[in-house]
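These notes are about the structure you will find just below.
Quantities reported herein were computed from a predicted structural model and do not represent experimental measurements.
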Amino acid sequence: MKLYYRREPTRKLVHAAFWIRNKAMFLKWPIAVLLAAAWVIVIPPCWLIIKASNFCHDAVGFCGFDSRDW
């Protein structure tokens, strides 16, 4: 009868994981907080750019041009 032995993960890998977790404080935060922070960083600036673009298209349209065909 053969006996197969699987070794446990190396201690260096476990210690490296704990070291990274202790150094990177944001990894301790819940995923919802990280997603909300990403939303705050990305979405409002994109919304402002879209609104500014629409304003510029409206201003050019007021002058008699159709800027959406350019």
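Two residues are said to be in side-chain contact when any heavy atoms from C-beta on lie closer than 4.5 Å; K51 and F55 fail this criterion. Counting only heavy atoms from C-beta outward, the side chains of V33 and P30 approach each other to under 4.5 Å.
Remark: F18 CZ to L13 CG distance equals 10.5 Å, nearest 0.5 Å. Here the NZ atom belonging to K12 is positioned 15.0 Å from the CH2 atom belonging to W19, to the nearest 0.5 angstrom.
Residues I41 and I31 do not share a hydrophobic cluster, defined by chaining ILVMFWY side chains whose heavy atoms lie under 4.5 Å apart. Hydrophobic clustering (side-chain heavy atoms under 4.5 Å, transitive across Ile, Leu, Val, Met, Phe, Trp, Tyr) keeps I49 apart from W47. Note on W39 and L35: separate hydrophobic clusters, where clusters join Ile, Leu, Val, Met, Phe, Trp and Tyr whose side-chain heavy atoms are under 4.5 Å apart, directly or indirectly.
Checked against side chain to side chain contact (heavy atoms under 4.5 Å, CB included), I50 has the following partners two or more places apart in sequence or in another chain: N54.
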